[in-house]
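This is a predicted model, so every value here is computed, not measured.
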Amino acid sequence: MARCAAVGDAVLAGDLLTFPAAHGAKVLCGPGLRRQGSGLGLAACKSGILRHKEPSVYWVDSQQKRYVPTKGEYVIGIVTTKSGDIFKVDVGGSEQASLSYLAFEGATKRNRPNVQVGDLVFAQFVVANKDMEPELVCIDSCGRSNGMGVIGPDGLLFKVSMNIARKLLTPNCEVIKNLGDLYPFEIVIGMNGRIWVKAKTIKHTLLVANVLESCENMTTEQRKRAFKKLSENVP
């Protein structure tokens, strides 16, 4: 039997939930929820805390170790093999994703992209379901790269929880803004919990990576003290 869940409640996988639609808007289900029937009911497919975003978007905030590919999400992958016209890419899931050489901006049969085994790619899922092999592309619907493609050879790749990766991707994230004020750096964040950073020096790159890795377990006050201490040591 479906129950009316409140934002902040703990939900279990299999729970049937109902939500009031805001001003007649359709309830949108995010990660951890799937639609149940034609009404406003949704079913939880993960255990965690129910979250809400105006006007009527709901999702389940959960701690998850293994990434599950989701259509439309942007991820950082590692090219593992080249098989004919297809690259196999490790995205941290249960199976590798495929990436066609034609899924790059300006790529043709004669003009193939320069992608080698071990390269990092920032790509988007266009196919992701339990019955088919995950498929990635490095172009948008207009055929433009739009920031996707092979990531430069320099920089540092490290892993964080998918929870903190989503928080860092929120608009006007304070952590990214405060770090940028201290050390200018480039950053690529994947929804699969992988982050690539590059600062002016190796020391600054490691400092940025350490702050991003530790910010999940820090309170707002602890983070402010950490940034204040870092600002005093900025050369």
Side-chain angles (χ1 to χ4, degrees), residues 31 63-70 72-83 86-101 103-105 113-126 128 133-140 145-171 173-218 223 226-227 230:
Q63 292 290 342
Q64 183 178 320
K65 292 186 178 180
R66 172 173 283 180
Y67 175 69
V68 178
T70 303
E73 288 191 346
Y74 294 88
V75 296
I76 296 177
I78 304 172
V79 179
T80 57
T81 56
K82 294 171 68 175
S83 178
I86 300 295
F87 301 104
K88 291 294 184 180
V89 182
D90 172 30
V91 294
S94 58
E95 62 177 323
Q96 295 187 346
S98 62
L99 174 64
S100 171
Y101 77 93
F104 291 84
E105 183 178 359
N114 183 22
V115 182
Q116 305 298 327
V117 173
D119 283 351
L120 302 178
V121 292
F122 184 57
Q124 183 184 28
F125 277 108
V126 290
E133 180 185 44
E135 185 178 337
L136 295 166
V137 294
C138 289
I139 51 176
D140 58 17
S145 62
N146 197 20
M148 292 181 282
V150 179
I151 301 175
D154 299 327
L156 174 68
L157 178 72
F158 60 98
K159 186 87 165 57
V160 297
S161 70
M162 281 167 276
N163 194 31
I164 191 64
R166 286 186 169 89
K167 289 180 180 178
L168 293 174
L169 284 168
T170 56
C173 176
E174 289 187 2
V175 177
I176 300 295
K177 182 178 181 299
N178 293 337
L179 272 176
D181 293 338
L182 295 176
Y183 310 106
F185 64 93
E186 301 174 50
I187 186 168
V188 180
I189 304 173
M191 296 290 283
N192 55 342
R194 290 176 178 167
I195 298 179
W196 176 89
V197 294
K198 178 185 176 183
K200 286 185 177 180
T201 65
I202 295 176
K203 180 181 178 181
H204 290 177
T205 300
L206 293 173
L207 281 171
V208 171
N210 288 334
V211 171
L212 293 176
E213 283 181 317
S214 59
C215 67
E216 182 179 15
N217 301 317
M218 299 170 70
R223 192 166 65 242
F227 281 125
L230 286 174

Listed by chain and number, what are the side chain to side chain donor-acceptor pair (under 3.5 Å) partners of [X], not counting sequence neighbours?
X: Thr70; answer: none
X: Thr81; answer: none
X: Lys167; answer: none
X: Glu105; answer: Arg144, Ser145

How many angstroms lie between atom [atom1] of [X] and atom [atom2] of [Y], to the nearest 0.5 angstrom?
X: Tyr101; Y: Ile86; atom1: OH; atom2: CD1; value: 9.0 Å
X: Ile164; Y: Cys173; atom1: CD1; atom2: SG; value: 7.5 Å
X: Leu168; Y: Ile187; atom1: CG; atom2: CD1; value: 6.5 Å
X: Phe227; Y: Asn178; atom1: CZ; atom2: CG; value: 5.0 Å
X: Phe87; Y: Ser100; atom1: CZ; atom2: OG; value: 8.0 Å
X: Phe125; Y: Leu136; atom1: CZ; atom2: CG; value: 4.5 Å

Salt bridge (charged side-chain N to carboxylate O under 4.0 Å, His left out) against [X], all qualifying residues, sequence neighbours excluded:
X: Lys177; value: Asp181
X: Glu133; value: Lys88
X: Glu174; value: Arg223
X: Glu73; value: Arg166

Nearest heavy-atom pair of [X] and [Y]: which atoms, and what distance?
X: Ala97; Y: Val91; answer: CB-CG1, 4.5 Å
X: Ser94; Y: Arg66; answer: CB-NH1, 3.7 Å
X: Pro134; Y: Pro69; answer: CG-CG, 4.2 Å
X: Ile139; Y: Phe104; answer: CG2-C, 3.5 Å
X: Leu169; Y: Met191; answer: CD1-SD, 3.2 Å
X: Ala209; Y: Leu156; answer: CB-CD2, 3.7 Å

Do any pairs count as a salt bridge (charged side-chain N to carboxylate O under 4.0 Å, His left out) and have a residue in residues 189-199, sequence neighbours left out, and if so which ones?
Asp90-Arg194, Asp154-Lys198

Ile195 side chain reached by Val188 side chain, heavy atoms, under 4.5 Å
no

Leu99 side chain near Cys138 side chain, heavy-atom distance below 4.5 Å:
yes

Anything under 3.5 Å between a donor and an acceptor, one on a side chain of residues 113-123, the other on a protein residue two or more places apart or in another chain? List them.
{"residue": "Asn114", "atom": "OD1", "partner": "Gln116", "partner atom": "NE2", "Å": "2.9"}
{"residue": "Asp119", "atom": "OD2", "partner": "Gln116", "partner atom": "N", "Å": "2.8"}

Verify side chain to side chain contact (heavy atoms under 4.5 Å, CB included) between Leu157 and Ile78, making sure each step is shown before the conclusion.
CA-CA 10 Å; Leu157 178 72; Ile78 304 172; 4.2 Å; yes

Stepwise, does the side chain to side chain contact (heavy atoms under 4.5 Å, CB included) test hold for Thr205 with Phe185?
CA-CA 8 Å; Thr205 300; Phe185 64 93; over 6 Å; no

With sequence neighbours excluded, what pairs up with Ile202 under the side-chain contact (heavy atoms from CB on, under 4.5 Å) test?
Leu206

List in chain and number order the residues that pass side-chain contact (heavy atoms from CB on, under 4.5 Å) with Thr201, two or more places apart in sequence or in another chain; answer none if no residue qualifies.
Lys203, His204

Stepwise, does the side chain to side chain contact (heavy atoms under 4.5 Å, CB included) test hold for Lys200 with Tyr183?
CA-CA 8 Å; Lys200 286 185 177 180; Tyr183 310 106; over 6 Å; no

Using the side chain to side chain contact (heavy atoms under 4.5 Å, CB included) rule, take Gln96 and Thr80 through it: C-alpha gap first, then chi angles, then the decisive distance, then the call.
CA-CA 9 Å; Gln96 295 187 346; Thr80 57; 3.1 Å; yes

